[in-house]
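Down below is the structure, laid out as C-alpha cells.
Note that the structure is predicted; figures quoted are calculated from it, not measured. Lettering of chains follows the sequences in order, A, B, ..., and the numbering in each one begins at 1.
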Amino acid sequence: MARPCCSPRGYAIRPRRQSRGKLAVMSSPVVTRFAPSPTGYLHIGGGRTALFNWAFAKRHGGRMLLRIEDTDRERSTAAAIDAILDGLTWLGLDWAGEPVSQYGRAERHREVAEQLLAQGRAYRCYCTPAELEAMRAKAESEKRPIRYNGAWRGRDPSEAPAGVKPAIRFKSPQEGETVIDDQVQGTVVIPNKDLDDLIILRSDGNPTYNLSVVVDDHDMGVSHIIRGVDHLTNAARQTQIYKAMGWRMPVMAHIPLIHGPDGAKLSKRHGALGVDAYRAMGYLPEAMRNYLARLGWSHGDDEIFPTAQFVEWFGLENTGKSPARFDFAKLENLNGHYMRHTADASLLQSLVAFLPHWEEGKPMLKALEDEATRTRLLRAMPGLKERAKTLIELAKSAGFLFAARPFPSTPPPPKFWPMAERSCFLASCKF
RNA sequence: GCGCCCUUCGUCUAUCGGUUAGGACGACAGCCUUUCACGUUGUAAAGACGGGUUCGAUUCCCGUAGGGCGCGCCA
C-alpha cells in the first residue's frame with residue numbers, strides 16, 4: 001500500500017487516491033516520469049518517450065511527473081527548459097505538479113553519497129581528470145576496455161596527494177553480474193566486470209547523473225521508469241546503487257530509439273528536429289501523437305485511433321525492441337487524415353494557433369482578426385481541408401481569400417485560378 | 001577493443017510452431033472527378049545467412065554477417 005513519502009528536501013508525495021474501476025487493482029499507484037536534460041529542445045524521440053510515460057500513467061490511473069535533469073550547470077539553459085515545456089504542451093502531454101529541478105536537490109544527493117561513503121559502498125578517488133584521460137587513451141591504444149582501474153578503491157586515504165579535491169566513486173561489485181528485469185527488453189544480464197566504479201559526486205561536490213536519478217526516482221515515488229534503451233547500461237549501474245541503498249527497484253522499461261531515415265541515431269546531437277519544428281511544418285498534435293504511438297508499439301492492425309483509444313490500449317507488453325525509422329511520408333498522410341476529419345471550426349482554431357509559428361503566417365493571422373474573413377474561411381474550409389496535408393498547405397491554398405484586398409463583392413472569380421480555388425471561392429461567397 | 005540490444009515488403013508493423021506470411025504508408029496501374037485532392041479497385045514488394053531442435057520453423061537454440069546503443073568529474 002502506498003505510504004506518504006517525504007524527501008528531506010521537503011516535497012511530500014501524497015498517495016494517490018485509489019480510483020475505482022477494473023484498472024485500479026494495482027496495489028500501489030503508478031508514477032512515471034519524463035526526465036529530459038535541458039541542453040536543447042525537445043527532440044522527437046524525447047517526445048515519444050514522454051508520450052509513452054504519459055499514456056502509461058493515464059492508462060493505470062497514475063500520474064506522470066516531470067523532472068528537469070539540470071545538474072550539468074555548464075550546459076543547462078532556461079531557454080531549453082522553456083522549449084521542453086512548450087514542446088510537451090503543444091503535444092498535449094501534461095504532468096502532475098511542478099517540474100522538479102534536479103539541481104535543486106543536489107544537497108539530498110550529496111547526503112546519499114556521504115551515506116554510501118560511510119557504509120563503505122563508495123570511496124574517495126584522487127585521480128585528476130588529466131590522469132583519467134591518460135588512462136583512457138592508454139587503454140584505447142592498447143585496445144583494452146576503457147574503464148577506471150580502481151586505483152583508489154583500496155588505497156588508504158592517508159596517501160591522498162595534497163591539494164587534490166577528491167571525487168567520490170561508487171564501489172561497484174567486481175564479480176558476478178547485474179540483472180535488469182526489463183518490461184520491454186526482457187532479462188538483461190551484464191557482467192559486473194564490465195562496469196567500473198563510477199563517480200557519484202564530482203570533486204566540486206556536485207552529484208552526477210546516475211546518483212541523482214536513483215535518489216530522485218526513489219524520493220519521488222516513481223514506480224515505472226520508461227526511457228530510451230540508450231539508458232540500458234545506466235540501468236545496470238543504477239540497479240547497483242538501489243541495492244546498495246536497500247531501496248526497492250522501480251519497474252524498468254527501455255524502449256527502442258527512433259532513427260532517422262538513414263538509420264542513424266536520431267538525437268539532438270545529430271541535428272534532429274525538435275518538436276517545435278514539426279509544429280512549424282504544420283502538423284497537428286493529435287496526428288503527431290498517433291504517428292509516434294505507432295513507432296515501436298502496435299495494437300494489431302490498427303493504424304489510426306484517437307489518443308483516448310491509444311491510452312486505453314497502451315501497454316509495455318506490446319512494445320517492440322527494434323528501432324524504427326522516422327518516415328515523413330507516413331506522418332504526412334496521417335496528418336492529412338486528421339485534417340480531413342477535423343471539424344471546420346476546430347481546424348480553423350488549429351490554423352490560428354499554428355500561424356504564429358509559421359514565418360509566412362503573420363499577414364493571414366492579421367487578416368483573420370476580421371470576423372467576416374474568418375467566416376469566409378470557415379465556409380471555404382470543407383473544400384480546402386480536403387486537399388491539404390499540413391496546415392501550411394491549408395494556409396497556402398486559403399491564401400486567395402486574402403490576396404485581393406478590396407475583396408470583389410461579386411463572383412465570378414478570375415479564370416486563371418485553379419479549379420480547386422475557384423470552387424472554394426464560390427463556396428466562400430455562398431450566402 | 002569490450003558489453004548489451006536489434007534483424008518480416010523501400011518504411012511502420014501483425015504473426016504468441018502449422019497462414020495463400022496480414023495491414024498501413026509509399027510506389028505502380030485503373031476507376032471516379034471539367035484540374036488537384038479525396039474516395040475506390042488492383043498489382044508489385046518481406047522472414048539477412050548458415051546450422052540445429054521438431055512431424056513441421058518467420059516463430060525456439062547456436063553461430064555468422066549487418067546495424068544500433070553504451071563504455072565522461074554529460075545526461
Please pick, from B:G3, B:G10, B:G23, the nucleotide with the shortest atom-to-atom distance to any side-chain atom of A:Glu303. B:G23

With heavy atoms under 4.0 Å as the rule, sort A:Ser212 into base, sugar-phosphate or nothing. nothing

Base-pairing mate for B:G18 - Watson-Crick or G-U, with both contacts under 3.5 Å: B:C55

Among B:C74, B:U11, B:C12, which nucleotide has an atom closest to any side-chain atom of A:Ala324? B:C12

Any side-chain N or O of A:Arg340 less than 4.0 Å from the OP1 or OP2 oxygen of B:G39? yes

Applying a 4.0 Å non-hydrogen cut-off, can you work out what A:Gly296 is touching in the nucleic acid: base, sugar-phosphate, or nothing? sugar-phosphate

Do A:His224 and A:Asn53 pair up side chain to side chain, a donor and an acceptor below 3.5 Å, judged on atom types alone? no

Considering every strand shown, what is the Watson-Crick or G-U wobble mate of B:C31 when both distances are under 3.5 Å? B:G39

Under a 3.5 Å limit on both distances, the Watson-Crick or wobble mate of B:C4 is B:G68

Yes or no on ring-ring contact (aromatic ring centres under 6.0 Å, His included) for A:Phe326 and A:Tyr278, after CA distance, side-chain angles and deciding distance? CA-CA 12 Å; A:Phe326 197 91; A:Tyr278 293 86; 5.4 Å; yes

Is the phosphate of B:U13 approached by A:Arg325 (side-chain N or O, under 4.0 Å from OP1 or OP2)? no

Which part of the nucleic acid, if any, lies within reach of A:Asn206 when heavy atoms closer than 4.0 Å are counted: base, sugar-phosphate only, or nothing? nothing

Atom NE2 of A:His337 and atom C1' of B:G39 are separated, to the nearest Å, by 13 Å

Assign A:Cys125 to base, sugar-phosphate, or nothing according to its heavy-atom contacts below 4.0 angstrom with the strands shown. nothing

Phosphate oxygens OP1/OP2 of B:C73: is one of them under 4.0 Å from a side-chain N or O of A:Arg136? yes

For B:G26, does OP1 or OP2 lie under 4.0 Å from any side-chain N or O of A:Asn333? yes

Complement of B:A44, any strand, by Watson-Crick or G-U distances under 3.5 angstrom: none

Taking the side chain of A:Thr233 as its heavy atoms from C-beta onward, which of B:C12, B:G70, B:A37 lies nearest to it? B:G70

In whole angstroms, the gap separating P of B:C71 from OH of A:Tyr209 amounts to 11 Å

More than 12 non-hydrogen atoms from neighbouring residues, nucleotides or ligands closer than 6.0 Å to CD on A:Glu74, yes or no? no

Watson-Crick or G-U counterpart of B:G63, or none if no pair lies under 3.5 Å: B:C49

Is there a side-chain polar atom (N or O) of A:Thr71 under 4.0 Å from OP1 or OP2 of B:A75? yes

What does A:Val189 touch in the nucleic acid at a heavy-atom separation under 4.0 angstrom: a base, only the sugar-phosphate, or nothing? sugar-phosphate

Does A:His299 or A:Pro207 map to a spot on RNA chain B nearer the 5' end, using the closest nucleotide for each? A:His299

Within this structure, what is the CZ-to-P distance between A:Arg147 and B:C2, rounded to whole angstrom? 10 Å

Which part of the nucleic acid does A:Leu201 contact within heavy-atom distance under 4.0 Å: base, sugar-phosphate only, or nothing? nothing

Looking at the rings of A:Trp313 and A:Phe305, which for Trp means the six-membered one, are their centres under 6.0 Å apart? yes

Kindly say whether, by distance alone, the side chain of A:Asp230 makes a donor-acceptor pair under 3.5 Å with the base of B:G70? no

Just checking A:Ile199: base, sugar-phosphate only, or nothing, at a heavy-atom cut-off of under 4.0 Å? base

Can a side chain N or O of A:Lys321 be found less than 4.0 Å away from OP1 or OP2 on B:C6? yes

Looking only at B:G3, B:U13, B:A75, the nucleotide nearest the A:Pro191 side chain is B:G3

Could you tell me if A:Tyr209 and A:His231 have a donor-acceptor pair between their side chains, going purely by distance under 3.5 Å? yes

Please give, in whole Å, the distance from B:G3 C1' to A:Asp196 CG? 12 Å

Identified salt bridge (charged side-chain N to carboxylate O under 4.0 Å, His left out) counterpart of A:Asp219 within the set A:Arg108, A:Arg33, A:Arg67: A:Arg108

Any donor-acceptor pair, under 3.5 Å, between the side chain of A:Asp302 and the base of B:A24, if you only look at N and O atoms? no

What does A:Ser322 touch in the nucleic acid at a heavy-atom separation under 4.0 angstrom: a base, only the sugar-phosphate, or nothing? sugar-phosphate

For B:C38, does the base pair up with any side-chain atom of A:Arg387 as donor and acceptor (N or O, under 3.5 Å, distance only)? no

Rounded interatomic separation in angstrom, taking CZ from A:Arg294 and P from B:G26: 15 Å

Please report the distance, rounded to the nearest Å, between CG in A:Asp194 and P in B:G70. 16 Å

What's A:His254 touching, base or sugar-phosphate or nothing? Going by heavy atoms closer than 4.0 Å. nothing

Using a 4.0 Å heavy-atom cut-off across all strands, classify A:Pro323 as base, sugar-phosphate, or nothing. sugar-phosphate

Residue A:Ala329, side-chain heavy atoms: nucleotide from B:G23, B:U11, B:G26 that is nearest: B:G26

With a 3.5 Å cut-off and just heavy-atom distances, do the side chain of A:Ser203 and the base of B:C73 make a donor-acceptor pair? yes

Expressed as a whole number of angstroms, how long is the span from A:Leu384:CG to B:C38:P? 15 Å

Grab the NZ-C1' distance between A:Lys193 and B:G3 for me, whole Å please. 7 Å

Output yes when at least one side-chain N/O atom of A:Lys389 is less than 4.0 Å from OP1 or OP2 of B:C38, else no. yes

Do A:Gln119 and A:Gln115 meet the criterion of a side-chain donor-acceptor pair at a distance under 3.5 Å? yes

Can a side-chain donor-acceptor contact be found between A:Asp70 and A:Ser101 if the only test is distance below 3.5 angstrom? yes

Taking only side-chain N and O atoms of A:Ser298, does any of them lie within less than 4.0 angstrom of OP1 or OP2 on B:A14? yes

Just compare B:C69, B:A75, B:A24 and give me whichever is closest to any side-chain atom of A:Gln102. B:A75

Test salt bridge (Lys or Arg N to Asp or Glu O under 4.0 Å) on A:Asp196 and A:Arg237 and set out the steps. CA-CA 9 Å; A:Asp196 60 3; A:Arg237 296 183 178 291; 3.0 Å; yes

